[in-house]
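Take a look at the structure below.
Lettering follows sequence order; numbering is per chain, from 1. As a basis for the values below, the full set of heavy atoms in this structure was taken, side chains included, without hydrogen atoms, waters or symmetry mates.
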Amino acid sequence: MPELPEVETTVRGLATVLEGQVIARVQVNRPDLRRPFPPGLVQALTGARVTGLSRRAKYGLIHVDRGQTMVFHLGMSGRWRIDPDGIGKHDHLVIETGKGQVLALNDARRFGSVDLLDTDALDVWPQFAALGPEPLGPGLTPAHLAAAFEGRFAAIKLLLLDQRVVAGLGNIYVCEALHRAAIHPERKAGKVSLAALGRLVPEVRAVLEEAILAGGSTLRDYVRPDGELGYFAKDWRVYGREGEACGCGRPVERIAQGGRSTFFCGHCQK
DNA sequence: CACGATACCTGTAAGC
DNA sequence: TGCTTACAGGTATCGT
């Protein structure tokens, strides 16, 4: 489910419910996700007022008025449910606002995480300090990629998934961006021309921005009537389309890289 | 250090 | 129907 656009959509949806509200109740239903829930999480959040929400890479941030921020990562299967019809299986963290609205962090595989940090120390949090530039920010340039890829022999697809190179890309949007930029996913990163990187950067931005827009329109202001967040119609050009015709007519191919599926067109991508 | 493999955990879909 | 297998949008860690 969650790459950068889905996290962004989720954060915007959560903001409609949480922004400016007091957190009246916090319930933790198991000790951990990928890591233990932070000690004191319930106490820190209960009674606090949410001052704002934001996103960094694939992390969602909920800022409260006590100088702290709850940082969540959705892993592979995480999602927030708004006003769910009862607390269900895998609703590991439940938050209720002063207005009585309920938010449930649901994560079947529990690859996600929740952390509690001082807001003014977010930048030096090791997980954030290690991240590369935001793909939608000014830091992602062809020159940045060229520098990051210099001398590297790993496949470009794999390096684009490395959050230290660019922060927020995942398997779907890397496949899509490489296809749109006509770059073969197995090309050694250090050997991709600056011209090709010049095509790639705007395509990375475009796939992400289009996905965020689709999320907004599909979800109607980022929240579906059933309370689900982050899901929207997918119209990928290659992802999940093995054997189907690429725009050029040739079948989309599927290979494994780093143990994960890569979809591409061997005719369009060189 | 760069890089590939593996582990984490559960659900779902496909194959037999 | 039931059982087994492959695979899933992410990341940390381990060995070479």
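Note: CZ (R110(A)) to P (dA7(B)) measures 18 Å, nearest angstrom. If you measure from atom CE of M76(A) to atom C1' of dT11(C), you get 10 Å, rounded to the nearest angstrom. Per the geometry, NZ belonging to K157(A) stands 15 Å off C1' belonging to dC3(B), to the nearest Å. Here dC9(B) presents its P atom at 13 Å from NE2 of H90(A), a figure rounded to the nearest Å. Rounded to a whole Å, the CZ atom of R56(A) is 12 Å from the P atom of dT11(C). Atom-to-atom, CZ of F111(A) to P of dC7(C) comes out at 16 Å; the value is rounded to the nearest Å. Atom CZ in F263(A) sits roughly 8 Å away from atom P in dG9(C) (whole-Å rounding). dC8(B) atom P lies 17 Å from atom CZ of R35(A), rounded to whole Å.
Taking the charged nitrogens against the carboxylate oxygens, R241(A) and E253(A) have no contact shorter than 4.0 Å, which rules out a salt bridge. The existence of a salt bridge linking D32(A) and R30(A) is confirmed by a sub-4.0 Å separation between a basic side-chain nitrogen and an acidic carboxylate oxygen.
We find that the ring of F153(A) and the base of dC3(B) do not stack by the test of centres under 5.5 angstrom and planes tilted less than 30°.
Taking atom P on both nucleotides, dC9(B) is separated from dC14(C) by 15 Å, rounded to a whole Å. With P as the reference atom, dT6(B) and dA6(C) are 14 Å apart, rounded to whole Å.
The residue S113(A) sits apart from the nucleic acid: no heavy atom pair falls under 4.0 Å. Nucleic acid contact class of R254(A) (heavy atoms, under 4.0 Å, all strands): sugar-phosphate only. If you check every strand for non-hydrogen atoms under 4.0 Å, K89(A) touches sugar and phosphate atoms only. E176(A) comes within 4.0 angstrom of nothing in the nucleic acid, heavy atoms only.
Residue order along DNA chain B, read from the 5' end via each residue's closest nucleotide, puts A154(A) first among G258(A) and A154(A). Residues R30(A) and R152(A) each lie close to DNA chain B; by heavy-atom proximity, the contact nearer the 5' end of the strand is made by R152(A).
The closest side-chain donor-acceptor pair between T51(A) and D65(A), if any, does not fall under 3.5 angstrom. A donor-acceptor contact under 3.5 angstrom links the side chains of H63(A) and T69(A), judged on distance only.
Heavy atoms from other residues, nucleotides or ligands lying under 6.0 Å from NZ of K99(A) number 12 at most.
Phosphate contact (OP1/OP2 of dC8(B), side-chain N/O of R109(A), threshold under 4.0 Å): absent.
No option in K157(A), E3(A), E176(A) other than K157(A) meets the side chain to side chain donor-acceptor pair (under 3.5 Å) test with N171(A).
Taking the six-membered ring for Trp, Y173(A) and Y239(A) have ring centres at least 6.0 Å apart.
Pairing analysis of DNA chain C (Watson-Crick: purine N1 to pyrimidine N3 plus N6-O4 or O6-N4; G-U wobble: N1-O2 and O6-N3; both under 3.5 Å) yields stems of 3 or more pairs at B:2-8 with C:10-16, B:10-16 with C:2-8.
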